[in-house]
Trainee: 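Submitted below is the structure of interest, expressed as structure tokens.
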Amino acid sequence: LIFTQHWPYTVCASWMENKKGNECVLPKVKNSWTIHGIWPTKYHTIGPLYCNDSWSFDMNQIAPIEGEMTEKWINIEKNTPLDGLWSHEWEKHGTCAAQHTELDSELKYFGKGLEFLDKFSITKLLSDTYIKPGIDSSYSLEEIHTALKKHLDQSFAIVCEKDKKTKKEM
């Protein structure tokens with residue numbers, strides 16, 4: 001499983017670059033990374049993906065954790081459905097993850113994502129070093145990698161987006 005988090009400001013910038021007029025909804029807790037998803041992955045492959053197209057996302061299934069989801073697994077794309085990201089993640093990745101007993105329902109899948117965030121929060125891991133995430137902060141990829149490596153025994157990857165105008169990584 002690959003647990004993915006993203007920096008909301010980068011996601012927002014990419015969303016706004018895609019179409020003029022797009023707006024963002026940023027997390028209430030400023031300067032925090034949020035969950036993107038849990039992706040089942042076979043070694044050296046992408047996927048599996050969309051393993052059960054008859055198992056559509058049902059918002060009622062995650063009602064007990066909806067409040068926490070709206071803070072930690074947010075849909076940054078304003079004027080799109082609240083559950084747009086969740087529906088996409090469930091149908092593309094969750095239906096495949098459901099092959100594992102501990103992830104075999106929407107509540108378990110999304111609950112595990114929240115559990116992983118508590119354990120592997122990039123915000124916390126970086127803050128435990130000298131790196132203080134923030135919109136006005138700037139750190140090299142090497143500094144971020146070094147800080148995360150101090151805390152993570154498992155392999156990890158960092159993916160950067162480039163600003164189309166400035167060509168700088170964000």
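In this text the structure is predicted, and so the values were computed from the model without any measurement.
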Trainee: Considering non-hydrogen atoms only, spot the tightest contact between S32 and T123 and give its length.
Mentor: CA-OG1, 3.3 Å
Trainee: Answer yes or no: is there an ion pair linking D53 with K92, defined by an N-O contact shorter than 4.0 Å?
Mentor: no
Trainee: Who passes side-chain hydrogen bond (donor to acceptor under 3.5 Å, both in side chains) against D58, sequence neighbours left out?
Mentor: N60, Q61
Trainee: Parallel, tilted or perpendicular, judged at 30° and 60°: which one describes the rings of F120 and F3?
Mentor: tilted
Trainee: Report the residue from I122, I74, V11 that forms a side chain to side chain contact (heavy atoms under 4.5 Å, CB included) with T34.
Mentor: I74
Trainee: Using the test salt bridge (Lys or Arg N to Asp or Glu O under 4.0 Å), find all partners of E143 that sit at least two apart in sequence or belong to another chain.
Mentor: none
Trainee: List the residues meeting salt bridge (Lys or Arg N to Asp or Glu O under 4.0 Å) with E66, not counting sequence neighbours, and say none if there are none.
Mentor: none
Trainee: Would you say D83 and L85 make side-chain contact, with heavy atoms under 4.5 Å?
Mentor: no
Trainee: Who passes side chain to side chain contact (heavy atoms under 4.5 Å, CB included) against E23, sequence neighbours left out?
Mentor: K78
Trainee: Can you run down the disulfide bond (SG atoms under 2.5 Å apart) pairs that involve residues 46-143, sequence neighbours left out, and say none if there aren't any?
Mentor: C51-C96
Trainee: Side chains of T80 and N75 only: does a donor on one sit below 3.5 Å from an acceptor on the other?
Mentor: yes
Trainee: Might you point out which heavy atoms bring C24 and M16 nearest each other, and give the distance in Å?
Mentor: SG-CG, 3.9 Å
Trainee: Which pairs with one or both residues in residues 125-161 pass ring-ring contact (aromatic ring centres under 6.0 Å, His included), sequence neighbours excluded?
Mentor: H145-F156
Trainee: Heavy-atom distance under 4.5 Å between the side chains of N22 and E77, does that happen here?
Mentor: no
Trainee: Contact between I76 and V25 at the side-chain level, heavy atoms closer than 4.5 Å - yes or no?
Mentor: no
